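The structure appears right after this line, and notes come after that.
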Amino acid sequence: MLAHFFKGQQASLLKTGYSNAISNELRFFFGSVEDLLIHDLYVLVALAEQQSNSERLKQGITQVLSIIDGQHQPWLNGMDLLEDAQQNKHLLSTGCERIDFLLQGGLREGHLTELVGPSSSGKTQVCLQVASNVAKEYSGSVVFFDTGNSFSPKRIEQILGQLSDHSDIEVKLLFVASSFYVYHSYVRYHVCPCNPFLKPPFNILQSNKLLEQVMNNIVCHPVFDIFTLLDVLHQLESKLRSQGGSKVRLLIVDSISSLITPILGGSGAQGHALMISAGFLLKELAHRHNLSAVVTNHMVGGEGGTLKPALGESWKSMPHVRLHLFRDSKSSICNMSILRHPYIVSSFAHMIL
Amino acid sequence: MEVSRLPISASQRGKLVSAGYSSLSSLSSISPSHLATELKISENEALEILKAASHGCRLDSFEGSHAIVNGAQTAWEMLQDEDMLTRITTSCTDLDNILGGGISCKEVTEIGGVPGIGKTQLGYLFAILDFCINLELLLLLRGNRNYRIQLAVNVQIPADYGGLGGKAIYIDTEGSFMVERAMQIAEACIKDMLEYDGLLRKDSQTRHLKMQPKELLGNIFYFRICSYTEQIAMINFLEKFVSEHRDVKVVIIDSITLHFRQDFDDMALRTRVLSGMALKLMKLAKTFSLAVVLLNQVTTKYSEGSFHLSLALGDSWSHACTNRVILYWNGNERYAYIDKSPSLRSASAPYSVTAKGIRSLASNSKRIKMM
């Protein structure tokens, strides 16, 4: 590890001419950069002095520490953050007026949003809807990681044909405190009926060209295990870092819980660790590259037969925004309520109490 | 930490991290024997780790295409592909209509219903239909059993007749595959094709349908599963089997449920095993463009103050499939209801199970109810 560390810093170290020798000696002495970091500096120096080559070791230690110091992130003050938020973290409209109203504008870039709901509550439909809208209205790229073969290009085509066609559902604001969740506000929306045998109603996307262009903005990658997910997320990260070209505005993982459930629980914490690193990776991507990340989660039976979001307590704190979806039995009307939101929650807090 | 994404065991990862290897590139220029001594593991293990790491590195450094993620397809490309995709007919026009033309390849479809509703029939149907023409979802409709068998038959309908001309894998966990019934449906299927031939190709006398019912049955690969360990092993083995038999177009599991409803004390373990299995089937469907049809049993569930029927295996399993079709009785008629689908709207349609398999209800075809 130390050897590699020095390799990475070759440019500066080669000038000094003794990098290899030092790295070898330090390596023999400590083993890893982490060892070096967790020891007290005075202890290190004292240790080094007992060795025959103490001078060079001390030099090496100082050098390693200065390299490490150079790697920290710059600090930002509140004004910088505000500016960053205003310039880079836009709200992405979902293409559904009612959902936008509930979220005070839409999904925020930089946020990790989680849609949680029972089977057939409209999670995938919301994902497809948002993907279509972002690809069309913002001409931004959308990356869709699909774990259940549920990405339907036909449905996207339909949604694109219908995007302006929303009307007639009132938004209700409810303030209900239940023992489990607080419904701050609550929205009902239609999953627009579709008939695969009908051509999408033509309006905005009259030309095939435009449709092609919009649909080319959406890329889908099938993912069937957590390691593949981590791989593609890393890939995406390095691609985004190296090229400024096509701007990715939205990243969707539908659904993250089906990747994590097979490894979570049982003996050993490995599954847990993988879940957390996937979560952090998503948040890092969202923050660094100003994209909005959306994941979907399942509901499982909790105590007393009530449903609760899957993946447990430690995942709960991962998403910035948590939206609960449920569907009136056997109708096409779905409901959405906010379980967790960084700023909408607080604005209603006094009303709950 | 980059090593955390390597598909290696937790203890190996721990050893790597404590020895100071946290990035993939730190593993790039190291020899297996060196790593083995440093981590105090066998050289084989070290070799495995290095293989995994270099694979990870390759993925990262892959260049050339300007795709955002390697291996990804745009929605437009997928739309074009989907137009080329044939669906497996159910032999019941109404049912085909609500399914958007039949059972979709590349997707996992779950079909559930009370015993006797036609699930297995549908299964036979698909297996034979693959090869035959617009055979009916015969089996589907009559009881679970009917459903499945029909599927196994229908998948074989030759491409000339609107079928896939493929083969079928039938995984039987309940011992309910009746070869006599499959034979009946296959015979009916061939009869239908001959009729179709007579209608459309009156002039071309040269053309003879050489297909025999026995041939249809010969194209069904049948596996009998007697315990859940066998079932798991079977599903792990499927990928290899299908890659050797590329003409397999449908995999029918009848039923996915049986062995998991008993023998399991640890429900959390069951959930893990089942969801892992679901992912493997998804992958199979996607990679080989084949339809996976799972048949499920029903159970009663208590909610909102009353008992009602729902499919077995619980809430977390309900997320596992792409599409979900529920078969139920409405009076004396059998109905199929689309409970869940990313691309189809909820709808129900009646069907009947006849000697020939699953067919439309004779009376009228206006009963399709779109929700």
Side-chain angles (χ1 to χ4, degrees), chain A residues 1-2 4 31-34 118-120 124 128 141 143 147-150 152-157 193-196 212 215-216 218-222 224-225 227 230-232 234-236 238-239 246 248 255 258 261-262 265-266 268 270 273-274 277 298-301 305 307 310 330-332, chain B residues 2 4-7 10 19-23 25-26 56 59-60 62 66-76 78-79 82 97 100-101 106-108 268-269 271-272 275-276 278-280 282-283 285-286 302-303 314-316 318-322 324 339-340 342-346 370-371:
Chain A
M1 176 62 200
L2 264 189
H4 165 64
S32 79
V33 173
E34 262 165 75
S119 167
S120 116
T124 301
L128 294 175
S141 294
V143 181
T147 70
N149 298 349
S150 55
S152 164
K154 277 245 161 62
R155 184 76 182 117
I156 296 261
E157 192 188 11
C194 67
N195 185 333
E212 180 178 345
M215 289 189 75
N216 272 328
I218 306 176
V219 293
C220 173
H221 192 283
F224 299 109
D225 61 74
F227 297 111
L230 292 171
D231 274 345
V232 289
H234 273 284
Q235 242 181 71
L236 185 63
S238 57
K239 270 266 155 59
S246 63
V248 177
S255 71
S258 60
T261 332
Q270 191 188 5
L274 286 167
S277 51
H298 299 162
M299 302 285 267
V300 292
L307 289 175
K330 305 285 178 239
S331 79
S332 65
Chain B
E2 276 186 304
S4 64
R5 53 187 263 234
L6 294 180
Y21 295 96
S22 60
S23 71
S25 42
S26 64
L59 282 178
D60 281 352
F62 189 89
H66 19 248
I68 305 176
V69 181
N70 302 320
Q73 265 189 311
T74 72
W76 181 253
M78 290 174 79
L79 188 68
E82 201 172 294
N97 281 347
K106 281 196 171 180
E107 284 177 10
V108 176
L269 178 66
T271 307
R272 283 202 297 281
S275 52
L279 282 176
K280 280 189 191 117
M282 288 285 177
K283 189 175 181 186
K286 185 85 182 176
Y302 184 80
S303 81
D315 292 314
S316 53
S318 68
H319 298 278
C321 297
T322 320
R324 199 166 224 212
D339 185 47
K340 151 177 170 172
S343 55
L344 306 166
R345 62 186 296 188
S346 303
M370 296 293 183
M371 307 270 180

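All values below were derived from every heavy atom in this structure, side-chain atoms included, with hydrogens, water molecules and symmetry-related copies excluded. Proteins get letters first, then strands, A, B, ... in listed order; numbering begins at 1 in each. All values reported here derive from a predicted model rather than from experimental measurement.
Heavy-atom pairs under 4.5 Å with chain A peak, among B:Glu107, B:Met282, B:Lys106, B:Lys280, at B:Met282. Heavy-atom pairs under 4.5 Å with chain B were tallied for A:Val219, A:Asn149, A:Leu236, A:Thr261; the largest tally goes to A:Asn149.
Residues B:Trp76 and A:Asn216 share a closest heavy-atom pair of CB-OD1, 3.4 Å. Between B:Pro342 and A:Ser150, the shortest heavy-atom contact is CB-O, 3.3 Å. Residue B:Leu279 comes nearest to A:Pro262 through the heavy atom pair CD1-CG, 3.9 Å, listed as atom of the first residue, atom of the second, then distance. What you find for A:Cys220 and B:Met78 is that their closest heavy atoms are CB-SD, 3.6 Å. Contact detail for B:His319 and A:Pro118: the closest heavy-atom pair is CE1-C, 3.5 Å. Contact between A:Ser119 and B:Lys340 at its shortest, heavy atoms only, is OG-CD, 3.4 Å.
Contacts of B:Lys283 with chain A are made by both backbone and side-chain atoms, with heavy-atom separations under 4.5 Å.
For the atom pair OG (B:Ser343) and CD1 (A:Ile156), the distance works out to 11.5 Å, reported to the nearest 0.5 Å. The distance from atom OG1 of B:Thr74 to atom CD of A:Glu212, rounded to the nearest 0.5 Å, is 8.5 Å.
Inter-residue side-chain proximity for A:Glu157 and B:Leu79 is flagged as met; some heavy-atom pair is nearer than 4.5 Å.
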